[in-house]
Amino acid sequence: QVQLVESGGGLVQAGGSLRLSCAASGGTFRSTSVAWFRQAPGKEREFVAAISWLGTITKYADSVKGRFTISRDNAKITVYLQMNSLKPENTAVYYCATGRVIGTTDREYFDWGQGTQVTVSS
């Protein structure tokens, strides 16, 4: 089992940027896809972005395309989510998770971090 720790969340004004990190330890991080999900208060968890093991394939939710970028550094065993042009509706707890496929549903991922809060003020 891989342990995942997210960091980089915080409070930012609309239009600003944040970079989230997802650091892995233990288990087997190799050959896994990694995804970011988010959950806003009172809403279901939703897919944000995912990346393949080699980083050659990425997927994004339509709502974040062109503003968010997912990347990974396998030497550092870390996945990043660069978030630009943030909007108040992006406020949520952001989670990273590992999986075997680059899916867009949370049931396709098996190891999850504890989440990091992102708050975007208007």
Side-chain angles (χ1 to χ4, degrees):
Q1 184 177 6
V2 177
Q3 288 77 49
L4 302 172
V5 178
E6 301 94 336
S7 62
L11 174 64
V12 64
Q13 289 187 332
S17 299
L18 283 174
R19 188 177 80 156
L20 305 184
S21 298
C22 172
S25 62
T28 303
F29 192 65
R30 295 181 180 275
S31 302
T32 62
S33 60
V34 177
W36 287 94
F37 287 78
R38 64 188 178 192
Q39 187 167 22
K43 295 187 177 181
E44 294 186 351
R45 187 160 55 188
E46 65 174 359
F47 170 77
V48 176
I51 189 167
S52 62
W53 155 240
L54 292 177
T56 54
I57 302 173
T58 56
K59 286 186 179 179
Y60 295 93
D62 289 342
S63 61
V64 306
K65 282 181 182 177
R67 299 188 299 119
F68 290 14
T69 302
I70 189 170
S71 62
R72 68 190 294 168
D73 184 338
N74 288 333
K76 295 182 179 180
I77 323 179
T78 302
V79 172
Y80 304 97
L81 184 67
Q82 177 67 44
M83 305 186 295
N84 299 327
S85 302
L86 283 162
K87 305 175 182 179
E89 53 263 42
N90 299 143
T91 294
V93 177
Y94 283 71
Y95 301 89
C96 64
T98 59
R100 292 297 180 194
V101 296
I102 310 173
T104 59
T105 63
D106 55 9
R107 62 180 177 270
E108 296 173 283
Y109 294 87
F110 38 80
D111 291 318
W112 292 80
Q114 82 292 346
T116 185
Q117 176 70 48
V118 171
T119 303
V120 184
S121 62
S122 58

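The basis for the numbers below is simple: all heavy atoms, side chains too, and nothing from hydrogens, waters or symmetry mates.
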Query raised in the report: Mind checking whether F37 and W112 have parallel, tilted or perpendicular rings, split at 30° and 60°?
Result: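 Correct class here is tilted.
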Could you report the tightest heavy-atom contact between [X] and [Y], atom names first, then the distance?
| X | Y | result |
| --- | --- | --- |
| Y109 | A50 | OH-CB, 3.6 Å |
| T32 | R72 | O-NH1, 2.8 Å |
| S21 | T78 | CB-CG2, 4.2 Å |
| S121 | L11 | CB-CD1, 4.3 Å |

State plainly whether one hydrophobic cluster holds both [X] and [Y], where clusters connect Ile, Leu, Val, Met, Phe, Trp and Tyr through side-chain heavy atoms under 4.5 angstrom apart.
| X | Y | result |
| --- | --- | --- |
| Y60 | V34 | yes |
| W36 | F47 | no |
| V64 | L18 | yes |
| V12 | F68 | yes |
| V120 | L81 | yes |

Within the structure provided, determine whether [X] and [Y] are in side-chain contact (heavy-atom separation under 4.5 Å).
| X | Y | answer |
| --- | --- | --- |
| M83 | L20 | yes |
| T116 | V93 | no |
| T91 | Q117 | yes |

Requested in this report: Taking ring-ring contact (aromatic ring centres under 6.0 Å, His included) as the test, write out the residues that go with Y94, two or more places apart.
Outcome: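 Testing Y94 for ring-ring contact (aromatic ring centres under 6.0 Å, His included), a comparison that skips the adjacent residues, returns none.
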Query raised in the report: Quick one: ring-ring contact (aromatic ring centres under 6.0 Å, His included) partners of Y80, sequence neighbours excluded?
Result: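 Scan of Y80 (ring-ring contact (aromatic ring centres under 6.0 Å, His included), adjacent residues dropped) gives none.
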Rounded to the nearest 0.5 Å, how far does [atom2] of [Y] lie from [atom1] of [X]?
| X | Y | atom1 | atom2 | result |
| --- | --- | --- | --- | --- |
| L54 | S33 | CG | OG | 11.5 Å |
| Q39 | D106 | CD | CG | 9.0 Å |
| S63 | N90 | OG | CG | 7.0 Å |
| C22 | I77 | SG | CD1 | 11.0 Å |
| C96 | I70 | SG | CD1 | 9.0 Å |
| S85 | R67 | OG | CZ | 6.5 Å |

Query raised in the report: In the hydrophobic clustering (ILVMFWY, side-chain contacts below 4.5 Å, transitive), which residues join I102, or is it alone?
Result: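 Once heavy-atom contacts under 4.5 Å are chained together, I102 belongs with I57.
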Query raised in the report: Hey, is the main chain of V101 close enough, under 3.5 Å, to the side chain of E108 for a donor-acceptor pair?
Result: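 No, the answer is negative, given that no donor and acceptor are paired below the 3.5 Å cut-off.
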Report task. Please answer whether the main-chain N or O of V2 pairs with a side-chain N or O of D111 as donor and acceptor at a distance below 3.5 Å. Result ->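 Judged by distance alone, yes, a pair lies under 3.5 Å.
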Requested in this report: Take R45 and R38 through the test side chain to side chain contact (heavy atoms under 4.5 Å, CB included) and record every step on the way to the result.
Outcome: CA-CA 5 Å; R45 187 160 55 188; R38 64 188 178 192; over 6 Å; no
Query raised in the report: Is there a side chain to side chain contact (heavy atoms under 4.5 Å, CB included) between Y95 and Q114 once you walk through the steps?
Result: CA-CA 7 Å; Y95 301 89; Q114 82 292 346; 5.9 Å; no
Query raised in the report: Do S17 and N84 have side-chain N/O donor and acceptor atoms under 3.5 Å apart?
Result: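 There is such a pair (donor and acceptor under 3.5 Å, judged by atom type) between the side chains of S17 and N84.
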